[in-house]
Amino acid sequence: MTKLRMGIIGVGGIAQERHIPAFLQLQDKVTLMAVNDMNEERADEVAKKYNIPHVFSNYHELFAVVDAVTICTPNKFHAEISIAALNAGVHVFCEKPMAITTEECERMIEASQKAGKLLSIGYHYRYTEVSQIAKRAVMENQIGDPLVTRVQALRRRKVPGWGVFTNKELQGGGSLIDFGCHLLDLSMWLLGDPEPVEVIGKTYNRLSKSPIQINDWGSFNYQTFEVDDHVSAYITFENDISVLFECSWAANIKEDKIHLSVSGAEGGLNMYPFELYQPKLGSMMETTAKAEHNEKKAGVVQAENFVNSCLGESELVVKPEQAMKVSKIIEAIYQSSESGTSVKLS
């Protein structure tokens, strides 16, 4: 059986915590062939740790020995490296977000189509058990036409104190582009990938610019903090769908909270925990399911979907056109906050 030869570009935390372990569980179908990182010493260490045969200081050289790459670099480089890989005839799995701007996303899709190679983005929340059940409930018309969706991806005091997460030039933003994007993508996937119409948003970072810091995830320099730590938005879509959205790294709330619920014309659902609400037998009926949100397991399922798709055995769950819509809305939220007005998208 032919195996997919995989290269890893960027071998920091997410590569070592999620992607490399996931691919190692799929060794009957994929071989970790090469790594590249700006930190050459770290690249050497990772290669030795996981018995990866090739280390390249220039990621362009890596393309010659692989069939696909997983890109785990800062957001600024997602488009540049993805396009280079696709132009070299290599399939691309890129960590979220797809890119910082919609224009970059468009160029990535164009390169994918021109090369005839796959491009997928790391929105792994779709692969959790609870997400799969929620998607099935919507597809089987258990809630009817979706009307109002509520999304909260809230952390009380978890600004990442490592890496470049608070660097606007390298990341393009903070809590929204890093954490909120997962729930935004998940909600749009559940809703059937509708076309966004208008966005009004507001971003904040006052808490993280305060000299008195309480943070559960390490320390950071409040004087140079330049990205959003709290965001709210109201998004409208075609077919009269609306989404109430909020995310944070730092907010004065009781505790961390992840919430996604959809109110439809015939029923409603909540995801954490999964519950289905329907008017039946003259009463409001409530159905529950034991479905977990296990990101480690989801990472393996995500890797398997990408590998199988590259081998022609499956179809991508996360398509680049869908991921571009997420980036388009994120870009619009930032634009709306800066301008103080709503942004029309169609």
Side-chain angles (χ1 to χ4, degrees), residues 123-156 176 179-202 230-248 251-295 297-298 301-302 305 315 317-319 322 325-326 329 333 342 345-346:
Y123 285 117
H124 66 282
Y125 279 31
R126 294 193 192 189
Y127 300 88
T128 64
E129 184 182 9
V130 66
S131 296
Q132 292 292 318
I133 289 178
K135 179 65 172 178
R136 184 173 176 180
V138 174
M139 292 182 67
E140 293 183 3
N141 203 36
Q142 295 296 307
I143 67 170
D145 294 334
L147 302 175
V148 179
T149 298
R150 303 162 196 83
V151 177
Q152 289 182 305
L154 302 176
R155 292 173 180 160
R156 185 167 72 164
L176 172 58
F179 178 38
C181 66
H182 279 299
L183 273 294
L184 182 57
D185 171 76
L186 183 56
S187 63
M188 292 172 64
W189 181 60
L190 292 179
L191 296 172
D193 193 35
E195 290 295 327
V197 174
E198 188 173 8
V199 174
I200 185 165
K202 186 65 180 177
H230 197 169
V231 175
S232 63
Y234 179 69
I235 310 159
T236 58
F237 295 85
E238 61 182 0
N239 301 325
D240 295 324
I241 296 173
S242 62
V243 173
L244 306 169
F245 174 86
E246 184 183 13
C247 72
S248 72
N252 286 322
I253 54 178
K254 181 179 180 180
E255 58 191 2
D256 295 354
K257 182 177 183 180
I258 179 173
H259 175 86
L260 199 166
S261 62
V262 183
S263 294
E266 308 297 331
L269 66 82
N270 180 78
M271 286 189 58
Y272 306 107
F274 181 85
E275 296 172 339
L276 186 64
Y277 316 114
Q278 297 169 310
K280 290 183 177 180
L281 306 177
S283 179
M284 285 299 299
M285 305 292 287
E286 181 177 315
T287 305
T288 63
K290 292 183 178 180
E292 62 181 358
H293 175 83
N294 187 315
E295 295 187 40
K297 289 183 179 179
V301 180
Q302 173 181 251
N305 174 251
E315 181 179 343
V317 171
V318 180
K319 297 177 173 60
Q322 298 169 338
K325 284 186 184 178
V326 178
I329 290 173
I333 291 173
S342 66
L345 299 176
S346 64

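Just so you know, residue 1 is the first one in the sequence shown, and it goes up from there.
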- Closest non-hydrogen atom pair between Ser342 and Glu198, with its separation: OG-OE2, 2.6 Å
- Message: Apply side chain to side chain contact (heavy atoms under 4.5 Å, CB included) to residues Val151 and Leu184 and explain how you reach the verdict.
- Response: CA-CA 7 Å; Val151 177; Leu184 182 57; 6.0 Å; no
- Taking side chain as C-beta onward, heavy atoms only, is Leu191 less than 4.5 Å from Val243? yes
- Mark yes or no for whether Asp256, through its side chain, and Arg156, through its backbone, hold a donor-acceptor pair below 3.5 Å. yes
- Message: Taking Arg126's backbone N and O only, do any of them form a donor-acceptor pair with Gln132's side chain (distance below 3.5 Å, no angle check)?
- Response: yes
- Measure from the side-chain N and O atoms of Ser248 to the backbone N and O of Arg155, and report whether any donor-acceptor pair falls under 3.5 Å. yes
- How far does OG of Ser187 sit from CG of Leu244, to the nearest 0.5 angstrom? 11.0 Å
- Which value, rounded to the nearest 0.5 Å, describes the distance between Leu183 atom CG and Leu176 atom CG? 11.0 Å
- Note on the structure: Closest non-hydrogen contact found for His124 with Ala298 is O-CB, 3.5 Å
- What residues, two or more places apart in sequence or in another chain, satisfy salt bridge (Lys or Arg N to Asp or Glu O under 4.0 Å) together with Lys297? Glu292
- Which atom pair, heavy atoms only, marks the closest approach of Ala153 to Gly180? CB-CA, 4.3 Å
- Message: With heavy-atom distances below 4.5 Å as the criterion, would you say the side chains of Arg150 and Ser263 are in contact?
- Response: yes
- Query: NE2 of His230 to CG of Asn252: how many Å apart, nearest 0.5 Å?
  - Reply: 9.5 Å
- Taking all non-hydrogen atoms of both residues into account, name the closest pair between Tyr234 and Ser242 and its distance. OH-CB, 3.5 Å
- If only atom types and distance count, is the side chain of Glu286 paired as donor or acceptor with the main-chain N or O of Glu275 below 3.5 Å? no
- Pairwise distance NZ(Lys202) to CD(Glu246) - rounded to 0.5 angstrom: 14.5 Å
- Query: Is a donor on one side and an acceptor on the other found under 3.5 Å between the side chain of Asp185 and the backbone of Met188?
  - Reply: no
- Residues in side-chain hydrogen bond (donor to acceptor under 3.5 Å, both in side chains) with Glu140, at least two apart? Arg136
- Student check: side-chain heavy atoms of Val326 and Tyr123 closer than 4.5 Å: yes
- Start with the C-alpha gap between Val138 and Val262, add the side-chain angles, then the distance that decides, and say whether side chain to side chain contact (heavy atoms under 4.5 Å, CB included) holds. CA-CA 9 Å; Val138 174; Val262 183; 5.7 Å; no
- Item | Val301/Asn305 under side chain to side chain contact (heavy atoms under 4.5 Å, CB included): CA gap, chis, key distance, verdict | CA-CA 6 Å; Val301 180; Asn305 174 251; 5.6 Å; no
- Please check if the side chain of Gln152 supplies one atom and the backbone of His259 the other of a donor-acceptor pair under 3.5 Å. no
- Message: Around atom CD of Glu315, are there more than 12 heavy atoms from other residues, nucleotides or ligands closer than 6.0 Å?
- Response: no
- Query: Counting heavy atoms not belonging to Asp193, are there more than 12 under 6.0 Å from its CG?
  - Reply: yes
- Message: Quick one, Gln142 with Thr287, criterion side chain to side chain contact (heavy atoms under 4.5 Å, CB included). Give me CA distance, side-chain angles, the key distance, then yes/no.
- Response: CA-CA 11 Å; Gln142 295 296 307; Thr287 305; over 6 Å; no
- Heavy-atom closest contact (Ala291 atom, Ile133 atom, distance): CB-CD1, 3.4 Å
- Gap separating the OG1 atom of Thr128 from the OH atom of Tyr272, nearest 0.5 angstrom: 5.5 Å
- Item | Atom CG of Asp145 with >12 non-hydrogen neighbours under 6.0 angstrom | no
- Got Leu186 and Leu260 here, is their nearest side-chain heavy-atom distance under 4.5 Å? yes
- From CG (Leu154) to CZ (Phe179), nearest 0.5 Å: 7.5 Å
- Query: Would you say the side-chain atoms of Ser131 pair up with the backbone N or O of Tyr127, donor to acceptor, closer than 3.5 Å?
  - Reply: no
- Message: Test of understanding: with ring pair (Phe, Tyr, Trp, His ring centres under 6.0 Å), list the residues that count as partners of Tyr125, not counting sequence neighbours.
- Response: His182, His293
- Task: Run the salt-bridge test on Glu129 and Lys290 with the 4.0 Å N-O cut-off and return the result as yes or no.
- Result: no
- Which heavy-atom pair separates Ile333 from Ala233 by the least distance, and what is that distance? CD1-CB, 3.8 Å
- Task: Compare all side-chain heavy atoms of Asn270 with those of Tyr277 and state whether any distance is below 4.5 angstrom.
- Result: yes
- Message: Treating Lys135 as the side-chain partner and Trp189 as the backbone partner, does any N or O pair qualify as donor plus acceptor under 3.5 Å?
- Response: yes
